[in-house]
There are 2 protein chains.
Amino acid sequence: MTDIARTARPTMKDVAARAGVGLKTVSRVVNEEPGVTDDTIARVQAAIDALGFRRNDSARLLRKGRTASIGLVLEDLADPFYAPLSRAVEDLARAHSTLLFTGSSAENAEREQELTLAFCARRVDGLVIVPASDDHRYLEPEIAAGVATVFVDRPAGGIDADVVLSDNAGGTRDGVAHLIAHGHRRIGFIADQPHIHTAAQRLRGYREAMAAAGLPVHDGWISSGPTTPEHVRAELERMLSGPEPVTALFAGNNRITVTAVRVLANRPAHPVALVGFDDFELADLLRPAITVVAQDPGELGRTAARLLFRRLDGSAGPPSRVELPCRLIARGSGEIAPAA
Amino acid sequence: MTDIARTARPTMKDVAARAGVGLKTVSRVVNEEPGVTDDTIARVQAAIDALGFRRNDSARLLRKGRTASIGLVLEDLADPFYAPLSRAVEDLARAHSTLLFTGSSAENAEREQELTLAFCARRVDGLVIVPASDDHRYLEPEIAAGVATVFVDRPAGGIDADVVLSDNAGGTRDGVAHLIAHGHRRIGFIADQPHIHTAAQRLRGYREAMAAAGLPVHDGWISSGPTTPEHVRAELERMLSGPEPVTALFAGNNRITVTAVRVLANRPAHPVALVGFDDFELADLLRPAITVVAQDPGELGRTAARLLFRRLDGSAGPPSRVELPCRLIARGSGEIAPAA
DNA sequence: TTGAAAGCGGTACCAC
DNA sequence: GTGGTACCGCTTTCAA
């Protein structure tokens with residue numbers, strides 16, 4: 001048989017042996033360090049090519065101390081909302097010659113921790129985390145050991161760290177005020193689970209907008225729970241029935257908005273105004289087109305990554321907290337007048 | 001000043017010193033290997049806790065030979081089409097206690113290679129690649145060295161490797177046949193750039209369906225080029241004008257479909273049938289709802305990852321080629337009768 | 001200009 | 001049971 005077993009990767013040692021030089025000389029050539037004769041370079045390079053040598057960066061970085069990699073912990077890799085965020089982080093990572101570990105927490109605190117600590121065990125230089133947990137004290141030793149950490153979309157729990165958020169309360173306030181300005185007084189609000197920070201902030205914005213307009217808020221107008229289509233549908237139908245149904249709905253995130261659109265599409269005789277938090281593709285193509293309060297997930301990611309690499313470049317100073325504004329985009333569904 | 005500098009991470013050596021045991025014993029405790037007294041375990045554990053020690057997996061894996069990580073190279077992390085694919089790969093990786101490096105090639109062959117080789121330099125155990133390049137011979141040494149490699153969505157170029165594809169030609173054939181069955185004879189086809197494998201396959205499917213029905217294909221009915229909204233819009237408008245305009249359109253991917261929907265929405269007086277390749281969210285909520293030929297990106301990723309981990313588990317044998325069927329989903333836009 | 005030896009932080013093997 | 005020592009593949013230090 002031929003040497004099929006010659007599958008083992010050549011190391012610098014192998015290259016050195018073949019080129020008839022010392023190990024360190026190979027290292028110098030590979031890293032393009034000065035102080036090697038052209039002649040030697042050529043001999044080493046020939047050995048490298050012949051053997052198909054490629055430097056083992058894991059070994060290299062172990063020695064160097066930095067791993068040139070960062071970890072990105074998302075709620076769900078497959079959630080379109082986070083796609084531009086990941087992409088923005090990736091772009092900055094690339095610009096800094098840094099590789100990206102990614103993973104989804106699935107909105108599960110344990111998984112978040114497991115994933116984050118796995119990244120730390122690989123000694124990532126930094127972390128960008130969309131928190132699923134509300135207690136990040138488990139990260140204290142890591143941060144103390146020098147792992148730059150930035151939280152995005154939701155704040156960290158129990159520790160003081162860099163964080164980049166959207167102005168969830170302000171955005172919701174604007175969206176609800178928009179409905180009020182169009183004549184609505186009974187406005188429903190369907191939110192994500194209350195333990196999720198953004199959901200809580202949006203609920204706060206809703207209450208503030210109603211209060212600012214001197215409008216009462218009935219318990220029945222508010223729903224927060226799982227964002228499954230079934231639950232959202234049931235809640236919305238409940239709000240739309242009874243003697244004093246809501247005439248408008250504020251949907252707490254894009255999944256809720258989409259479900260609401262489906263429900264409302266089935267009752268064209270009774271138009272209900274709708275404003276949703278988070279923009280989504282094709283919102284403008286629906287009839288009516290959907291008015292939304294849009295965050296900028298790409299900017300969220302970009303800002304977080306910038307903060308991270310600034311820390312990695314040695315920036316000290318206290319943790320910073322950045323809050324990005326939201327933008328109301330009127331498209332039609334939020335400008336429907338109340339039925340009565 | 002207090003010892004702020006005590007930021008250095010403790011190593012097993014430190015733990016050993018503090019616990020008054022040998023290095024190897026610490027290793028045993030950390031890895032829960034048998035053969036250590038409960039008493040010793042307790043002493044070591046105490047030292048671990050006191051020091052906040054956490055094993056350096058990079059060092060560990062360097063020694064072990066495997067890195068327990070794989071690389072995923074996509075065309076674009078932010079493309080919603082690939083989101084379920086990534087998620088599926090991630091899920092399997094997690095099930096195999098493997099970490100995931102991700103990156104986007106941006107449809108650029110050089111970037112694909114750069115990224116892939118960077119992953120290889122980190123000695124990933126395997127790779128899942130959505131090819132942007134059509135020449136993957138640069139991977140030969142890596143594959144020979146044992147990096148399990150699976151290509152998804154598009155075939156590899158110049159090398160024989162595992163690959164998972166959708167039946168692009170077959171799916172398109174079905175979609176075009178569907179339009180033909182509804183009475184259309186002049187059917188336009190707007191595709192992505194012809195050097196992209198999937199685009200070429202879909203074009204083939206279109207031609208086959210037309211030929212099977214004995215229908216001619218005029219050059220003017222086919223367009224392939226950039227999928228920018230401007231270009232797609234111009235091409236579609238061209239096809240819809242003139243003495244013998246097309247009465248139906250097959251859109252070669254979801255971006256093209258969406259642009260087509262926008263264009264067609266502006267000319268409600270002249271309904272044109274539309275079938276698009278790739279399903280997309282809210283396709284059912286548009287009016288008319290959009291008939292599509294759907295791939296299953298999640299299944300694409302799952303199949304690829306399964307193949308990968310099977311290889312990693314030692315499965316030998318020649319490269320396999322899996323082709324997943326597409327599914328026609330009739331929703332309305334594809335069932336519009338020809339104008340004439 | 002070049003290379004030997006120590007070390008990065010662990011694991012493997014083999015004595016004690 | 002426990003620990004010494006070589007070693008994973010590379011970089012660093014320093015002497016030749």
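Letters A, B, ... are given to chains in the order of the sequence lines, protein chains preceding strands, and every chain is numbered from 1.
A nucleotide of DNA chain D counts as in contact with chain B when one of its atoms lies under 4.0 Å from a heavy atom; the first and last such, 5' to 3', are D/dG1 to D/dG9.
Side-chain contact of B/Arg9 with B/Asn56: a donor-acceptor pair under 3.5 Å is absent, judged by distance alone. If you check the side chains of A/Glu75 and A/Ser104, you find no donor sitting under 3.5 Å from an acceptor. Judged by distance alone, the side chains of B/Ser133 and B/Gln113 never bring a donor and an acceptor atom under 3.5 Å apart.
Distance, A/Glu32 CD to C/dT1 C1': 18 Å, rounded to whole Å. Atom-to-atom, NZ of B/Lys13 to P of C/dG10 comes out at 11 Å; the value is rounded to the nearest Å. For the pair A/Arg122 CZ and C/dG9 P, the interatomic distance rounds to 17 Å; values are reported in whole Å.
A/Arg321 places no side-chain N or O within 3.5 Å of a backbone atom of A/Val164 that could act as its donor or acceptor partner.
Nearer the 5' end of DNA chain D, as judged by each residue's closest nucleotide, is the contact made by B/Gly20, out of B/Gly20 and A/Lys24. Nearer the 5' end of DNA chain D, as judged by each residue's closest nucleotide, is the contact made by B/Arg28, out of A/Glu33 and B/Arg28.
Side-chain contact between A/Leu74 and A/Ser86: present, with at least one pair of heavy atoms (C-beta onward) separated by less than 4.5 Å. Residues A/Arg54 and B/Pro141 have side chains in contact (heavy-atom distance under 4.5 Å, counting atoms from C-beta outward).
DNA chain D is contacted by B/Thr40, B/Leu62, B/Arg63 of residues 38-65 of chain B, taking any non-hydrogen atom closer than 4.0 Å.
Legend: ring-ring contact (aromatic ring centres under 6.0 Å, His included) pairs involving residues 49-87 of chain B, not counting sequence neighbours: none detected.
Checking B/Val152, B/Val128, B/Val130, B/Leu115 one by one against B/Val73, the side-chain contact (heavy atoms from CB on, under 4.5 Å) holds for a single residue, B/Leu115.
In this structure, B/Val30 reaches neither bases nor backbone, as no heavy-atom distance under 4.0 Å exists between it and the strands shown.
At C/dT2, none of the side-chain N or O atoms of A/Thr25 fall inside 4.0 Å of OP1 or OP2 (strictly under the cut-off).
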